[in-house]
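Everything quoted here is computed from the prediction, not taken from an experiment. In the text below, chain A, chain B and the rest are named by the order of the sequence lines, each starting its count at 1.
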2 protein chains.
Amino acid sequence: MSAPGSPVSAVRTPVDLPRANRLINHGPTVLVSAMHAGRRNVMAAAWSMPVEFEPPRIAVVIDKSTYTRELVLASGMLALNLPCAAIVDLAYTVGSVSGRDDDDADKFERYGIGRFDGPALGLPLVEGCVGWLECRVIREPHAEAAYDTFFCEVVSAQADARVFANGRWSLRDDNAALHTLHHLGAGLFALPARTLQATRLPAR
Amino acid sequence: MSAPGSPVSAVRTPVDLPRANRLINHGPTVLVSAMHAGRRNVMAAAWSMPVEFEPPRIAVVIDKSTYTRELVLASGMLALNLPCAAIVDLAYTVGSVSGRDDDDADKFERYGIGRFDGPALGLPLVEGCVGWLECRVIREPHAEAAYDTFFCEVVSAQADARVFANGRWSLRDDNAALHTLHHLGAGLFALPARTLQATRLPAR
């Protein structure tokens with residue numbers, strides 16, 4: 001039997017596209033996965049953000065040195081996968097090694113990473129994550145060259161219903177293993193373990 | 001005497017520019033402040049990210065409807081201020097009202113927000129925050145128009161040494177009031193209250 005919060009029992013549920021950006025609104029580390037002509041790869045990216053709610057658009061930074069960038073440019077597609085506390089070592093590892101170092105095994109094989117096909121684009125999505133966004137790249141050669149920034153439209157969104165429900169994250173003590181990762185540097189990640197509801201102040 | 005973690009006792013310390021992006025690497029909500037020709041404003045922005053470490057560059061989304069955007073475009077400058085748990089209501093409030101609604105008082109006056117001058121550009125920085133970045137906008141009219149995205153170079157960085165030391169966040173139980181805010185939606189914020197050190201996995 002699996003432990004509470006174990007990735008093997010993920011409850012993958014579609015997220016309405018106008019709410020897809022809620023998945024990354026709070027600044028989690030993402031794993032970028034991509035595929036082209038039978039090759040695939042996955043890397044960690046600390047730097048992504050929504051840029052528009054509807055149509056749902058995001059920006060993500062993908063360094064020129066990465067193998068994933070080659071696949072993204074060749075295919076015009078990428079996926080953002082949101083890793084959680086339960087797979088922190090995996091998230092760190094795929095951000096520390098390059099898929100170009102492969103002899104014949106990609107990172108999915110080298111690290112035994114489970115995957116499933118994205119519903120819209122068939123991209124390789126990472127099992128054990130808690131949210132998944134498939135995206136079409138909106139080609140912006142200048143932003144890509146000058147800032148390594150890729151603008152994308154989100155075309156499918158899913159989340160693990162144990163930690164994202166009714167269009168928002170539900171971060172609780174009993175699902176701590178499913179909390180997103182927020183990279184502080186050098187493999188140290190913060191977890192959004194506490195929440196606080198704000199109220200509006202009156203003007204003076 | 002002030003409570004532990006009280007904003008009034010901030011220990012503002014310069015952050016080396018190559019490490020400035022560590023301040024927003026983990027995806028916190030930021031307050032964008034700006035000034036032009038004697039007018040000033042501050043707004044909340046959930047959407048920002050680093051795009052390069054050196055030179056330190058960031059991207060931030062500023063909606064076309066905002067008064068802050070007018071000031072940013074007119075001056076070519078903006079500051080990112082990082083609010084913390086102790087001022088969550090203030091952070092939410094300045095993200096919920098427009099500075100354009102002013103009769104004669106800007107948001108600093110209306111809500112009694114303390115401020116001090118940025119060391120490089122003299123921008124109004126928000127007291128009670130735990131990190132401050134002054135930035136020069138790198139004009140990119142297409143990205144600004146199509147994605148509301150402003151690319152900027154960071155020219156000064158400071159942080160509260162009680163929660164950011166030796167170039168990284170130090171998030172502990174005893175400084176919980178100084179933890180950054182990560183917006184989940186509708187005024188609910190996550191706090192990075194727990195940390196986890198990852199280790200690299202061996203290849204199979």
Side-chain angles (χ1 to χ4, degrees), chain A residues 22 24-29 46-52 57 59 61 85 88-93 96-97 105 109-112 138 140 142-143 146-149 151 167-169 171 176 179-201 203-204, chain B residues 22 24-29 46-52 57 59 61 85 88-93 96-97 105 109-112 138 140 142-143 146-149 151 167-169 171 176 179-201 203-204:
Chain A
R22 283 275 179 88
I24 62 166
N25 199 71
H26 64 315
T29 292
W47 301 347
S48 70
M49 64 178 184
V51 299
E52 200 167 332
R57 288 177 168 172
V61 177
V88 65
D89 290 343
L90 179 64
Y92 183 53
T93 302
S96 308
V97 297
E109 287 182 36
R110 267 196 285 167
Y111 297 102
I138 306 165
E140 292 288 358
H142 173 65
Y147 307 105
D148 291 338
T149 297
F151 291 98
R168 65 154 62 181
W169 291 102
L171 304 160
H179 291 187
T180 49
L181 301 172
H182 301 253
H183 197 210
L184 300 174
L188 184 68
F189 291 87
L191 303 170
R194 212 181 123 212
T195 57
L196 204 52
Q197 177 63 51
T199 53
R200 262 179 73 162
L201 298 173
R204 282 198 162 182
Chain B
R22 284 275 180 88
I24 62 167
N25 199 71
H26 64 315
T29 292
W47 301 347
S48 70
M49 65 178 183
V51 299
E52 199 166 333
R57 289 178 169 172
V61 177
V88 65
D89 290 343
L90 178 65
Y92 183 54
T93 302
S96 308
V97 297
E109 287 184 36
R110 268 196 285 167
Y111 297 103
I138 305 166
E140 293 287 357
H142 174 65
Y147 306 106
D148 290 338
T149 298
F151 290 97
R168 65 153 63 179
W169 291 103
L171 303 160
H179 290 187
T180 49
L181 302 171
H182 301 253
H183 197 211
L184 299 174
L188 183 67
F189 291 87
L191 303 170
R194 212 182 123 211
T195 57
L196 203 53
Q197 178 64 50
T199 53
R200 262 178 73 161
L201 299 173
R204 283 200 163 181

Next on the checklist: Can a donor-acceptor pair be found, under 3.5 Å and without considering hydrogens, that links the side chain of A/His26 to the backbone of B/His182?
Outcome noted: no

Next on the checklist: Please check this pair: side chain of B/Gln197 against backbone of A/Ala186, looking for a donor-acceptor N/O pair closer than 3.5 Å.
Outcome noted: yes

Checklist outcome for this item: Here the gap from B/Thr199 atom OG1 to A/Tyr92 atom OH, rounded to the nearest 0.5 Å, amounts to 9.0 Å

Checklist entry - Hey, does A/Glu52 have a side-chain heavy atom less than 4.5 Å from the side chain of B/Asp148? => result no

Item to check | Heavy-atom side-chain contact between B/Met49 and A/Met49 under 4.5 Å | outcome: yes

Which bit of [X] comes within less than 4.5 Å of chain A, counting heavy atoms only: side chain, backbone, both or neither?
X        : answer
B/His142 : side chain
B/Arg22  : side chain
B/Arg200 : both
B/Ala91  : neither
B/Leu171 : side chain
B/Thr149 : side chain
B/Ile24  : neither

Item to check | Steps toward side-chain contact (heavy atoms from CB on, under 4.5 Å) verdict (B/Leu90, A/Leu201) | outcome: CA-CA 7 Å; B/Leu90 178 65; A/Leu201 298 173; 4.1 Å; yes

Item to check | Residue list, ring-ring contact (aromatic ring centres under 6.0 Å, His included) with A/Phe151, at least two apart or on another chain | outcome: B/Tyr147

Next on the checklist: The criterion is ring-ring contact (aromatic ring centres under 6.0 Å, His included); which residues satisfy it with A/Trp47, sequence neighbours excluded?
Outcome noted: B/Phe53

Name the member of [options] that forms the most heavy-atom pairs with chain A at distances under 4.5 Å.
options                               : answer
B/Ala146, B/Ala46, B/Ala203           : B/Ala203
B/Val61, B/Thr93, B/Asp89             : B/Asp89
B/His183, B/His179, B/Arg194, B/Arg57 : B/Arg194
B/Gly27, B/Gly187, B/Ala190           : B/Gly187

Checklist entry - Looking at A/Ala143, A/Ser48, A/Pro28, which one has more heavy-atom pairs under 4.5 Å with chain B than the rest? => result A/Ser48

Next on the checklist: Let's go through B/Asn25 and A/Leu184 carefully: what are the C-alpha distance in whole Å and the side-chain angles of both, what is the deciding distance for side-chain contact (heavy atoms from CB on, under 4.5 Å) to 0.1 Å, and is it a yes or a no?
Outcome noted: CA-CA 6 Å; B/Asn25 199 71; A/Leu184 300 174; over 6 Å; no

Checklist entry - Taking it one step at a time, do B/Leu196 and A/Leu191 satisfy side-chain contact (heavy atoms from CB on, under 4.5 Å)? => result CA-CA 7 Å; B/Leu196 203 53; A/Leu191 303 170; 3.9 Å; yes

Checklist entry - Going through the checks in order, is the side-chain contact (heavy atoms from CB on, under 4.5 Å) test met by A/Arg168 and B/Leu188? => result CA-CA 10 Å; A/Arg168 65 154 62 181; B/Leu188 183 67; 3.1 Å; yes

